[in-house]
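Take a look at the structure set out below.
Sequence positions, counted from 1, serve as the residue numbers for this chain. All heavy atoms count here, side chains included; hydrogens, waters and symmetry mates do not. No experiment lies behind these values; they were computed from the predicted model shown.
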Amino acid sequence: MGSSGFCVICMLHSLVALTSGALMMLYTNEVSIFVHGIEVATKLKGSTPNDQLLIQTSDSFSGLLLFAIGFLLFMVAFVKDREFQSFFAKGCVLLHVSMAIWRIYFEMKLQDLAHDLPRQVVGDIALALSWVFFLVYSWREKYD
């Protein structure tokens, strides 16, 4: 499973990142309403035209970054070097756990986003666990 497991996990994460990024870039308002609800999405949109443009631009760039990460994951999926796969998986675990911690400490302070927090933290931990399972399996495969 080592290499094929790495490829599958990368492809799944890539698909999620590419889809999310494209939706954030092209359908910013619709995604915001879907994720946060109409009331919160309206608050997050900004009150002045200048604020709205700045927030929409920021959201579009965030989507572009997510899309680029998805593309990078797609390219990395085909790397066959086990050392690199292990290094990359450890980095992904660190990234997802850091994101969950960031959400807990900073997003919790924003009342409008606090109700989404548990779902998002569970998602971050689930993504981290997929890499942990890969690391455990590859470690088990290496030392058996």
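F71 and L12 fall into different hydrophobic clusters, where Ile, Leu, Val, Met, Phe, Trp and Tyr side chains are chained together by heavy-atom contacts under 4.5 Å. By the criterion of side-chain heavy atoms lying less than 4.5 angstrom apart, applied directly or through intervening Ile, Leu, Val, Met, Phe, Trp or Tyr residues, I9 is grouped together with L73 in one hydrophobic cluster. In the hydrophobic cluster analysis, where Ile, Leu, Val, Met, Phe, Trp and Tyr join through side-chain heavy atoms closer than 4.5 angstrom, V16 is grouped apart from V132. With hydrophobic clusters built from ILVMFWY side chains whose heavy atoms lie under 4.5 angstrom apart, V93 shares a cluster with V76. Both F34 and L18 are assigned to one and the same hydrophobic cluster, defined by single-linkage of ILVMFWY side chains at heavy-atom distances under 4.5 Å.
One distance of note links CG of L94 with CH2 of W131; it measures 13.5 Å at 0.5 Å rounding. With values rounded to the nearest 0.5 angstrom, L129 atom CG is found 11.0 Å from L135 atom CG. Summarising the geometry, atom CG belonging to L72 is positioned 12.5 Å from atom CZ belonging to F67; distances are rounded to the nearest 0.5 Å. For the atom pair OG of S86 and CH2 of W139, the computed distance is 12.0 Å after rounding to the nearest 0.5 Å. Separating the CZ atom in R82 from the CZ atom in F6 is a distance of 11.5 Å, to the nearest 0.5 Å.
For the pair S32/Y27, no side-chain contact is recorded, criterion being any heavy-atom separation below 4.5 Å from C-beta on. Residues Q85 and F134 are in side-chain contact: their nearest non-hydrogen atoms beyond the backbone lie under 4.5 Å apart. K45 places none of its side-chain heavy atoms less than 4.5 Å from the side chain of I55. In this structure the side chain of I104 never reaches within 4.5 angstrom of the side chain of M99, judged on heavy atoms. In this structure, the side chains of L15 and F74 stay at 4.5 Å or more apart for every pair of heavy atoms.
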Item to check | side chain to side chain contact (heavy atoms under 4.5 Å, CB included) between M11 and F78, worked out | outcome: CA-CA 9 Å; M11 289 296 201; F78 300 103; 3.2 Å; yes

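Checked against side chain to side chain contact (heavy atoms under 4.5 Å, CB included), V79 has the following partners two or more places apart in sequence or in another chain: D81, F84.
Residue pairs meeting the side-chain hydrogen bond (donor to acceptor under 3.5 Å, both in side chains) criterion with at least one member in residues 120-130, sequence neighbours excluded: H13-S130, R103-Q120, R103-D124. Identified under the side-chain hydrogen bond (donor to acceptor under 3.5 Å, both in side chains) test for residues 48-74, with sequence neighbours left out: T48-D51.
F106 and W102 have tilted rings, their planes meeting at an angle from 30° to 60° on a 0 to 90° scale.
Taking each heavy atom of A128 and V97 in turn, the nearest pair found is CB-CG2, 4.1 Å. Taking both residues in full, the closest heavy atoms of I33 and I38 are given as CG2-CG1, 3.7 Å, listed atom of the first, atom of the second, then distance.
Remark: side-chain polar atoms of S20 are not paired, donor with acceptor, to backbone N or O of A17 under 3.5 angstrom.
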